[in-house]
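Reading through the structure tokens given below for one structure.
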Amino acid sequence: MAVSVALDVDPGIDDALALILALRSPEIRLALVTTVAGNGPLVMTTRNAVRVLDHLGAAHIPVAAGAAAPLEKPFHGALNYHGPDALGGVDVPERRTHIEARAAHDLLFNFAAAAPGERILVATGPLTNVARAFQCHEEMPSMLRELIIMGGAFGLTPFGKGNQTRYAEFNIWQDPDAAYTVFHSDVPMTIVGLDVTNDPSGAFDATDLARLRTGTSREAKLAVTLVNYAISRHEYCALHDPLALAAALDRSLFEFATGHVEVVTRDDEQRGRTFLHEGAPATSDRCIARVASGVDGPRFKRLFMSRVLEG
Ligand code: RIB
Ligand code: CA
């Protein structure tokens with residue numbers, strides 16, 4: 001039985017690759033996509049989510065636009081990496097004439113409340129929408145089967161260093177106040193941070209791109225355009241968001257450390273820095289987080305390739 005999944009995204013090249021992987025994975029049913037400002041402004045990330053879904057025959061999946069800025073800090077994009085349209089300039093038309101009128105954070109709550117304990121939310125952008133959903137619907141954290149977050153850098157591997165600053169990962173840095181709200185909830189939380197997603201063994205290189213080029217499906221061709229854009233400018237294509245989604249597909253790909261997680265919300269050089277207090281005891285109001293401390297990168301890449309190139 002496929003698990004119902006909602007994706008909260010800021011497409012973004014790797015967010016788009018996560019959408020492709022979600023649509024090609026039978027373990028999950030992508031039921032909802034919500035968008036947040038992050039890699040680009042909200043209008044751009046929303047347009048990109050709609051374009052990718054519609055291009056891949058998934059126009060039936062509802063899209064709702066969420067937060068245009070962090071809870072408290074000013075918005076700061078990442079177009080320098082993802083290109084002027086935040087999607088590597090892919091030539092994919094915008095077909096959908098409307099998106100959901102209801103607020104993204106309310107739709108996220110409705111998603112969880114429709115089947116308490118059964119559904120997974122995967123957040124691959126700043127956590128603004130998730131925090132708002134938790135603030136507006138205090139029962140939501142305990143309704144989710146799991147919240148999987150792409151974010152943070154915990155120093156658990158040599159790759160666990162910041163990419164926005166020396167300390168902080170982009171999603172968490174963008175909205176540390178939202179991250180604080182989420183980290184201090186009782187949601188069952190799995191965090192896939194730079195400790196594993198910046199491991200080159202789990203990123204696409206030119207050899208992987210050549211393999212993707214053998215694909216004939218729309219998914220494969222779109223993945224080629226996205227990966228090519230990244231590799232042609234950044235040597236390889238990091239797969240931060242597809243790796244986070246993979247935690248919902250095959251948890252055995254990862255090793256985890258557990259404990260409470262903390263985040264610096266001060267707007268100084270430590271902003272967005274994340275810490276794992278490994279082995280901390282469970283408390284009534286906070287779940288013990290699972291933080292990825294290892295990944296089988298080659299096996300993850302084989303999984304991605306098998307989903308996109310076969311079938
Ligand atoms: O730090 C990497 C994360 O920030 C990824 O989710 C990327 O898409 C950006 O949102
Ligand atoms: Ca992202």
Side-chain angles (χ1 to χ4, degrees), residues 6-22 33-42 44-49 52 63 65-70 73 75-83 85-88 90 104 121-130 147-155 157 159-176 178-179 182 190-200 202-204 223 226-227 229-230 233-234 236-248 263 271-274 291-292 295:
L7 264 168
D8 186 69
V9 293
D10 64 332
I13 287 173
D14 57 328
D15 301 75
L17 291 168
L19 286 169
I20 290 172
L21 182 58
V33 172
T34 52
T35 57
V36 64
N39 286 319
L42 180 65
M44 206 177 277
T45 58
T46 304
R47 177 171 181 267
N48 290 340
V52 168
V63 175
K73 308 287 194 289
F75 169 70
H76 182 95
L79 297 180
N80 57 324
Y81 181 92
H82 297 271
D85 69 348
L87 204 60
V90 291
L121 171 57
V122 181
T124 64
L127 292 170
T128 319
N129 292 337
V130 180
L147 170 65
I148 298 173
I149 294 167
M150 192 283 130
F154 296 86
T157 74
F159 309 106
K161 301 186 287 281
N163 62 356
Q164 178 66 21
T165 68
R166 59 181 294 197
Y167 299 114
E169 178 278 325
F170 176 79
N171 288 335
I172 305 301
W173 178 89
Q174 176 84 253
D175 198 342
V182 173
T190 298
I191 303 178
V192 179
L194 297 179
D195 308 79
V196 297
T197 70
N198 257 352
D199 180 339
F204 280 156
L226 294 165
V227 172
Y229 183 91
R233 289 163 179 79
H234 309 290
Y236 62 87
C237 179
L239 299 171
H240 308 290
D241 298 339
L243 273 161
L245 179 76
V263 58
R271 168 179 162 175
R273 186 173 189 176
T274 50
V291 181
V295 64

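Everything quoted here is computed from the prediction, not taken from an experiment. Both counts, for ligands and for their atoms, begin at 1 and track the order of listing.
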Check: Which is closest to atom 8 (O) of ligand 1 in terms of heavy atoms, Asp14, Asp10, Thr124?
Finding: Asp14
Next item on the list: State, to the nearest 10 degrees, the angle whose vertex is the Ca ion (ligand 2) and whose arms point to O of Thr124 and OD2 of Asp241.
Entry: 100°
Check: Below 4.5 Å, heavy atoms only, C-beta onward: do Thr197 and Leu239 meet side chain to side chain?
Finding: no
Margin query: If the cut-off is 4.0 Å to any non-hydrogen atom of Phe170, which atoms of ligand 1 fall inside it?
Written below: 1 (O), 4 (O), 9 (C), 10 (O)
Check: Where does the angle between the aromatic ring planes of His76 and Trp173 fall among parallel (under 30°), tilted (30 to 60°) and perpendicular (over 60°)?
Finding: perpendicular
Item checked: Distance filter under 4.0 Å to Asp15 heavy atoms, resulting ligand 1 atoms -> 8 (O)
Notebook entry, point to check: What residue and heavy atom of the protein are closest to atom 10 (O) of ligand 1, and at what distance?
Noted result: Asn171 OD1, 2.8 Å
Checklist line | Per-residue contact class, Thr197 against ligand 1 - non-hydrogen pairs under 4.0 Å | finding: neither
Check: Nearest non-hydrogen atom to atom 3 (C) of ligand 1 belongs to which of His82, Gln174, Glu169?
Finding: Glu169
Next item on the list: Please determine if Asp241 has a nitrogen or oxygen closer than 3.5 Å to a nitrogen or oxygen of ligand 1.
Entry: yes
Notebook entry, point to check: Hey, what do you get for CG (Leu147) to OG1 (Thr190), rounding to the nearest 0.5 Å?
Noted result: 8.0 Å
Next item on the list: Using the Ca ion (ligand 2) as the apex, give the angle to atoms OD2 (Asp15) and OD1 (Asp10), rounded to 10 degrees.
Entry: 70°
Notebook entry, point to check: In ligand 1, which numbered atoms sit nearer than 4.0 Å to a non-hydrogen atom of Met150?
Noted result: 2 (C), 3 (C), 5 (C), 6 (O)
Notebook entry, point to check: Who's the nearest protein heavy-atom neighbour of atom 9 (C) of ligand 1, and how far?
Noted result: Asn39 OD1, 3.2 Å
Check: Among Val130, Leu121, Leu127, Val192, whose side chain to side chain contact (heavy atoms under 4.5 Å, CB included) with Ile149 holds?
Finding: Leu127
Notebook entry, point to check: Hey, are Asp10 and Thr45 close enough side-chain-wise for a donor-acceptor pair under 3.5 Å?
Noted result: no
Check: Is there a donor in the side chain of Asn163 and an acceptor in the side chain of Asn198, or the other way round, less than 3.5 Å apart?
Finding: no
Notebook entry, point to check: How many angstroms lie between atom CD of Gln164 and atom CD of Gln174, to the nearest 0.5 angstrom?
Noted result: 7.5 Å
Checklist line | Interatomic spacing from CG in Asp14 to CD1 in Ile20 - rounded to 0.5 Å | finding: 11.5 Å
Note to self: Test of understanding: given a 4.0 Å heavy-atom threshold, classify the contact between Asn163 and ligand 1 as side chain, backbone, both, or neither.
What the structure shows: side chain
